[in-house]
Each structure stands twice: as C-alpha cells, then as structure tokens.
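Quick notes on the structure that follows.
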Amino acid sequence: MKAVILAGGLGKRLRKAVRDKPKSMAPVLGKPFLQYQIEQLKKYSIIEIVLCVGYLANQIKSYFKDGVKFGVNIRYAVEEKPLGTAGALKNSLDYLEDEVFLVLNGDSYSEVNFFKFIQFHREKKGKGTVLLTRVCQADDYGLVKMDEHNRITGFFEKPGRTASGSIINAGIYLLEPQVLNYIPEGRQISLEKEIFPHLLEKKMPLFGYLTSDYFIDIGTPQKYAQIQEDMKEMIR
C-alpha cells in the first residue's frame, strides 16, 4: 500500500513559532515532524510514500531525499501553486496505482494501529474511510457525523463553539482510486470542505473509524508546544 502525505501547506498559523520552514519540517525534539509520520508508517510496513510538497519544498527534498536513509521509498509531487488538500492529492496521480491508498495531512499525527484501520476499511467496502477521534474542544476542527453502522452522514468544517467530546476528522484517510475521478485537475480544492461532502451527495459510501489513540495536529503554536511535551513521554 502507498501513502500520500500532504506536506505542501503554507502553515501561516504556526509561523510565530516556526519561521522559514514548511510546517511539516517543524522540529520536534531534534527532528522534523514529518519524520515522525514516516516512522509511524514504516512501523506498519508502509514504505512506499508520496510527499505532496509546495511551500519551501526544497527543504523537505534535501532532508529526506529518496527516503533510503529512513528505510522507505519517497517520491515527490510538487505543486507549482497552492492546490489545497484535494488538488495536491490529484497532483500525485502519476505515482498512484489502481488500488486503495492512505492519505495523511502533513500536520496531523496519530498513534492509530494502521493494520486495524486498513482491516476496517476492507470490511466496510466503502469508497473511503476517515480516521475520527473525540476532542474536548473542537472549535478548530471539522466535525463528522455518522450513523449506527459507522457510515458518515455529514461533514461540518470548523463550526465554532461545540460540545465537549465532539467527533472530529483526524486528517488520515483510506481512499479507493475512484475518489480521484471526482477531483478536478490543476485547481485549488479541499478534500474536507468540498470533495467529501460532494461524495456524500453522490451517495458514495464513506465510513468513519473512531479511535481513542493519541492524536494531535500541530497547526497552532499551542499545539506545537504540546507535542514537544507529549513526545518526551512517548519516546521514553
């Protein structure tokens, strides 16, 4: 299985804490955040990785190169202009085959068991599976609703003040190749705000995999400070 990591974002909210670096290269205890994602994939024998890069892409390419040093095989899909999460994914089409693939947002990290995540997707036989988690404060996240069979019924992007324990999109997906057919080429477009809701309108089955495993995104200086402390505990 191949994994696509969307690492081309501008990371504007994080610039007060991390300057002159792409968000995925933000240092966490001496190594880039992106390296933790790659190491997590390798632990589950997912070693074919496509990095979707744009902003300050050369920093990522010069550090990871072909991935051999990290025990993986890396290829790069370079954005000439910002394409959003869906547009960046479409831009990696040449590196994907006609089989299910994993997608990770470049600012999200989870200790999810990928073997169980993949097995869930195969059992449900949907067109996509979204990793979900519960958070105490969901103001900055996209909310997800699903039915009693874990089929997703709605996406609600950053709706503002929400109830404690809300279910959010954790930014990790398993997608069937047919999903790429619904993404226009060469334009800026979002998976979360546009493509996933469109797939629901088309009655295409998307499922949610709810986990209590560790999850964080590093999109804000506060969360970036938090992961520094969290990783100290996890790598003991």
Side-chain angles (χ1 to χ4, degrees), residues 1-6 8-9 50 52 77 79 82-93 96-108 110 112 114 116-135 137-213 215 217 219:
M1 177 177 291
K2 291 187 176 180
V4 180
I5 303 180
L6 305 174
V50 180
C52 296
E79 301 173 39
L83 293 173
T85 51
L89 179 59
K90 182 76 169 189
N91 193 49
S92 71
L93 179 63
L96 298 175
E97 298 170 359
D98 192 26
E99 61 184 16
V100 64
F101 56 91
L102 189 65
V103 181
L104 291 80
N105 281 343
D107 58 1
S108 298
S110 173
V112 64
F114 280 117
K116 292 181 179 179
F117 187 40
I118 293 166
Q119 182 62 29
F120 176 90
H121 176 80
R122 288 173 175 163
E123 289 173 356
K124 290 296 185 181
K125 296 181 168 50
K127 296 304 179 185
T129 300
V130 179
L131 184 70
L132 306 176
T133 191
R134 294 185 188 273
V135 294
Q137 292 183 317
D139 301 9
D140 293 329
Y141 299 100
L143 300 187
V144 179
K145 289 189 177 181
M146 56 184 176
D147 65 18
E148 65 273 19
H149 303 293
N150 296 94
R151 183 160 175 169
I152 293 174
T153 58
F155 292 92
F156 307 91
E157 276 299 304
K158 299 180 182 178
R161 188 169 297 277
T162 57
S164 176
S166 297
I167 296 174
I168 67 159
N169 174 356
I172 299 177
Y173 318 112
L174 276 164
L175 301 177
E176 295 294 329
Q178 298 95 318
V179 170
L180 293 167
N181 296 333
Y182 291 85
I183 305 175
E185 192 168 350
R187 58 172 275 213
Q188 188 169 4
I189 191 166
S190 166
L191 278 173
E192 302 82 359
K193 296 179 182 179
E194 297 168 270
I195 298 303
F196 289 160
H198 179 64
L199 295 179
L200 291 187
E201 290 176 2
K202 294 288 185 181
K203 308 299 182 184
M204 294 184 67
L206 302 177
F207 290 89
Y209 181 79
L210 183 60
T211 176
S212 59
D213 296 307
F215 160 79
D217 82 88

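None of these values were measured; they are calculated from a predicted model.
Side-chain contact between Leu210 and Phe120: absent, with no pair of heavy atoms (C-beta onward) separated by less than 4.5 Å. For the pair Leu180/Leu96, a side-chain contact is recorded, criterion being any heavy-atom separation below 4.5 Å from C-beta on. Put simply, the side chain of Ser110 does not reach to within 4.5 Å of the side chain of Thr133, judged on heavy atoms. Considering only heavy atoms from C-beta on, Tyr209 stays 4.5 Å or farther from Lys124 through its side chain. Leu89 places a side-chain heavy atom less than 4.5 Å from the side chain of Leu175. The shortest side-chain heavy-atom distance between Val4 and Cys52 falls under the 4.5 Å cut-off. The closest side-chain heavy-atom distance from Asn105 to Glu192 is below 4.5 Å. Inter-residue side-chain proximity for Ile172 and Phe117 is flagged as met; some heavy-atom pair is nearer than 4.5 Å.
The minimum heavy-atom distance between Gly154 and Phe156, with the atom names listed, is C-CE1, 3.7 Å. Summarising the geometry of Glu99 relative to Met1, their closest heavy-atom pair is OE2-CA, 4.5 Å, with the distance given to 0.1 Å. Heavy atoms only, all atoms of each residue included: Pro177 and Glu97 are closest at CB-O, 4.2 Å. Nearest heavy atoms, Gly87 versus Ile183: N-CG2, 4.4 Å. The nearest pair of heavy atoms linking Phe215 to Asp217 is CZ-N, 4.2 Å. Of all non-hydrogen atoms in Leu83 and Ala88, the two that sit nearest each other are CB-N, 3.6 Å.
Checked options Arg151, Glu123, Lys125; the residue passing with Phe207 is Arg151 (criterion: side-chain contact (heavy atoms from CB on, under 4.5 Å)). Of the candidates Leu6, Leu174, Thr85, Val179, Val103 forms a side-chain contact (heavy atoms from CB on, under 4.5 Å) with just one, namely Leu6.
Around the CG atom of Asn181, the shell of radius 6.0 Å holds more than 12 heavy atoms that belong to other residues, nucleotides or ligands. Within a 6.0 Å radius of CD in Gln178, more than 12 heavy atoms belonging to other residues, nucleotides or ligands are found.
Among residues two or more places apart in sequence or in another chain, the side-chain hydrogen bond (donor to acceptor under 3.5 Å, both in side chains) test is passed with Thr129 by His121.
Distance check: Leu199 CG to Ile152 CD1 gives 10.5 Å after rounding to the nearest 0.5 Å. Note that the CD atom of Glu194 and the CD atom of Gln188 stand 9.0 Å from one another [nearest 0.5 Å]. One distance of note links OH of Tyr182 with NZ of Lys202; it measures 6.5 Å at 0.5 Å rounding. In this structure, CD1 on Ile5 lies 11.5 Å from CG on Asp107, to the nearest 0.5 angstrom.
Put simply, the side chain of Thr153 gets close to the backbone of Lys145: a donor and an acceptor are under 3.5 Å apart.
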Met146 and Leu132: CA distance, side-chain angles, deciding distance, side-chain contact (heavy atoms from CB on, under 4.5 Å) verdict: CA-CA 10 Å; Met146 56 184 176; Leu132 306 176; 3.8 Å; yes

Would you check, one step at a time, whether the test side-chain contact (heavy atoms from CB on, under 4.5 Å) holds for Leu206 with Phe155? CA-CA 11 Å; Leu206 302 177; Phe155 292 92; 4.0 Å; yes

